[in-house]
There are 2 protein chains.
Amino acid sequence: MDRFENMQAFVRVVEAGSISGAADRMGVAKSVVSRRLRELEAHLGAELFHRTTRQMNLTDTGRAFYQQSVRILADVLEAEHATSQSHGALKGSLKVALPLSFGLMHLGPAINEFLQAHPDIEFDLDFNDRQVDLLAEGFDLAIRIASLADSSLIARRLAPIQAVMCASPAYLERMGTPQSPAELINHRCLVYNLISNYEHWNLRDAEGQWIKTKITPYLKASNGEFLRNAALAGLGIVLMPTFIVYQEIASGRLIPLLPGYQYAQLAAYAIYPQTRHLSQRVRAFVDFLVKRFDGLPYWDVCLQDKTQE
Amino acid sequence: MDRFENMQAFVRVVEAGSISGAADRMGVAKSVVSRRLRELEAHLGAELFHRTTRQMNLTDTGRAFYQQSVRILADVLEAEHATSQSHGALKGSLKVALPLSFGLMHLGPAINEFLQAHPDIEFDLDFNDRQVDLLAEGFDLAIRIASLADSSLIARRLAPIQAVMCASPAYLERMGTPQSPAELINHRCLVYNLISNYEHWNLRDAEGQWIKTKITPYLKASNGEFLRNAALAGLGIVLMPTFIVYQEIASGRLIPLLPGYQYAQLAAYAIYPQTRHLSQRVRAFVDFLVKRFDGLPYWDVCLQDKTQE
DNA sequence: AATAACTGTTCCGATATCAGCAACAATAAG
DNA sequence: CTTATTGTTGCTGATATCGGAACAGTTATT
């Protein structure tokens, strides 16, 4: 017994004024409508119509139920329509704030892929690592790498961001390979702002103990790719997100260090305002990103063994 | 495809956090819930859950649909609950204003009958022919005989009220039987306020023409039964609602006059305020009255032939 | 580290349900 | 008074739905 179907039949009968008329408009036999009505009345335990064998008059009970039914059915339709994205019928623009490195390297391909499924969406992308005020600047969505939790915004976790310490083989040959965090003070460190402060790196040993390690900043920069290139050139040791250096590690041009230690777990988030009626574009795009970055990120898959050693 | 059941299954899964849990609480096999979910997603053309084979995470699309679904299901339950009167579980009081004669003669038995079905309803009856202000005096309902249409009130037609002109055989023998409206001026008329003014009676002939007939008021009273008794005593001709005199006409103690003519069509109405949430008591009682007085009123059934002649 | 417990999905056979048709009773219309 | 229409009901075949079991993948526990 489909309660929506019964309800709808009831509403159609009220609007058509007769069972036959309603059945015609619905394209079913009138016996079906009749039975649905009776089923509904039995379910409610109340008479909706005052039947005169030929005439159908709403009872007051029925009139009250009709008004509520109409609203409910409209709500159902609205909910279904708002949810069903009609597969590719998404249109409009999407203004997104992206972090520089992660955005260029990993979100770019994702956006291209999304655009192929929804060609009528226009992206307005702002690659920038500064904090932006979503509402003030009219962003639909921001992608951030952090561990923040803002109450007025919804944050959807997209992917874990792992950090890895590494250096080029040439550097290690020249300066030696550190075997413990304490040795780091004798090395040249290339410092990336996003996941570390300037003076210390926070490591976690195998027992889960946090170790605040003093380092020697040799070069500071806010751009991950610049630091990666510096490390490749043998300038020092970097602590960076794996998504930037995974290819270099995989190919052996950078060597992971201190494999027994872990770093602060960050994550990439999609962040957007809490509006009552979130646009289908934003919902669809975030759903797409969550699905695409689900599980262990592809940039970490090939490192799983190397960083463990 | 039962949309209601699918929606409910979806909500239960969200609330239980898993398909198995939802299936347990719903008392069905988990395969059923799984299939319902897939069906719903297919119907919407959108992914509601982000599945990880073991974990079920709501997509943003799903979260939005969930919020709407919860509200819809609550609305359905509320509508059904408000409509279903739980068969006799009606309680509370019902303050009703009734017309004197009609109330005593015909509504009284109806109310008794209603009370047998709903013993927990307490009636507060005010038999009075004066106009009462429903809202000011706290009436739930008023029964009126009129043809009014007040915008702020809902009026439900209960029964047609026919009028009939009649006199006792003794009177007619003494004064003669009028054959046309014009002769009425030579007769003694007993005037009832409710359906006539003091100086004229409006009749309609067989062609539908309205005839304003001057009469001679011999006795004026606002109480129908008093006038009926006066007519029975042979004091004159009355024009009254059939519901007062139908037994006397049926038994021959009063003779219908001018059978070819009709009178203003009045009706008995149930009148009540237009409140958003009409109490179930009022709805149930009005529904009951409408049904009870449906069709040709029983007091007119036996007169149908007599008044036609 | 390896088993155990649990999750969601899929397939399959028995069962129940539902749509449509046709006949019927009752009423309004011409 | 006949005709057409309305709502209801019984019946039959097609359809869908249910529950159970097997399966694949994941977490928890030992």
Side-chain angles (χ1 to χ4, degrees), chain A residues 1-43 47-59 62 66 160 206 208 290-291 294-297 300-301 304-305 308, chain B residues 1-43 47-59 62 66 160 290-291 294-297 300-301 304:
Chain A
M1 180 203 58
D2 188 333
R3 282 146 95 181
F4 282 153
E5 216 62 47
N6 288 356
M7 196 179 262
Q8 184 148 38
F10 166 65
V11 167
R12 301 297 275 269
V13 168
V14 172
E15 285 166 355
S18 71
I19 290 188
S20 298
D24 280 350
R25 296 190 205 178
M26 297 170 72
V28 295
K30 58 185 178 178
S31 61
V32 174
V33 180
S34 172
R35 213 173 311 115
R36 289 229 174 103
L37 230 56
R38 200 180 40 181
E39 206 171 63
L40 181 62
E41 288 185 325
H43 175 61
E47 287 195 343
L48 264 17
F49 285 103
H50 181 229
R51 292 162 158 80
T52 326
T53 317
R54 171 81 180 223
Q55 209 155 340
M56 310 277 295
N57 289 321
L58 269 178
T59 62
Y66 169 73
V290 168
K291 181 168 188 178
D294 177 54
L296 188 65
D300 279 340
V301 169
Q304 207 163 12
D305 301 330
Q308 297 287 327
Chain B
M1 181 202 57
D2 190 330
R3 281 147 85 195
F4 180 87
E5 219 61 50
N6 287 357
M7 188 180 270
Q8 185 150 42
F10 167 64
V11 168
R12 301 297 276 270
V13 168
V14 172
E15 285 166 356
S18 71
I19 289 188
S20 299
D24 281 350
R25 297 191 205 176
M26 296 170 72
V28 295
K30 57 185 179 179
S31 60
V32 174
V33 180
S34 172
R35 208 173 319 112
R36 289 222 175 108
L37 231 56
R38 200 181 37 181
E39 208 170 60
L40 181 61
E41 287 184 325
H43 173 62
E47 286 195 343
L48 266 16
F49 285 103
H50 181 230
R51 294 162 158 79
T52 327
T53 317
R54 171 79 181 223
Q55 210 155 340
M56 309 277 295
N57 288 322
L58 270 178
T59 62
Y66 169 73
V290 169
K291 182 168 189 179
D294 177 54
L296 188 65
D300 278 341
V301 170
Q304 206 163 16

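Bear in mind that the values here come from a model prediction, so they are computed numbers and not experimental data. In what follows, chains are A, B, ... by sequence order, proteins preceding strands, each numbered from 1.
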Nearest whole angstrom, please: distance from the [atom2] of [N] to the [atom1] of [X].
X     : N      : atom1 : atom2 : value
B/F10 : C/dG8  : CZ    : P     : 14 Å
B/I19 : D/dC23 : CD1   : P     : 20 Å
A/D2  : D/dT15 : CG    : C1'   : 15 Å
A/N6  : C/dA19 : CG    : P     : 9 Å
A/N57 : D/dG7  : CG    : C1'   : 14 Å
A/L40 : C/dC18 : CG    : P     : 14 Å
A/M26 : C/dG20 : CE    : P     : 10 Å
A/L37 : D/dT6  : CG    : C1'   : 14 Å

Name the nucleic acid region contacted by [X], choosing base, sugar-phosphate or nothing; use a 4.0 angstrom heavy-atom cut-off, strictly under.
X     : result
B/V28 : sugar-phosphate
B/S18 : sugar-phosphate
A/R38 : sugar-phosphate

Which nucleotide, [options], lies nearest any side-chain atom of [X]?
X     : options                : value
B/R35 : C/dG8, C/dG20, D/dG19  : D/dG19
B/A29 : D/dT6, C/dA22, D/dG19  : D/dG19
B/R36 : D/dC18, D/dT17, D/dG20 : D/dC18
B/S31 : D/dT17, D/dG20, D/dG7  : D/dG20

| task | Please determine if B/R25 and B/E15 form a salt bridge, counting it only when a charged side-chain N lies under 4.0 Å from a carboxylate O. | result | no
| note | Between A/K30 and A/G27, whichever has its closest DNA chain C nucleotide further toward 5' is A/G27
Which heavy atom of [X] sits nearest to which heavy atom of [Y], and what is that distance?
X     : Y     : answer
B/M1  : B/N6  : CG-ND2, 3.5 Å
B/D2  : A/R3  : OD1-N, 4.3 Å
A/V14 : A/F49 : CG2-CZ, 3.7 Å
B/L37 : B/M56 : CD2-CE, 4.0 Å

| request: Would you indicate, yes or no, if D/dT8 has its OP1 or OP2 atom less than 4.0 angstrom from a side-chain nitrogen or oxygen of A/S34? | output: yes
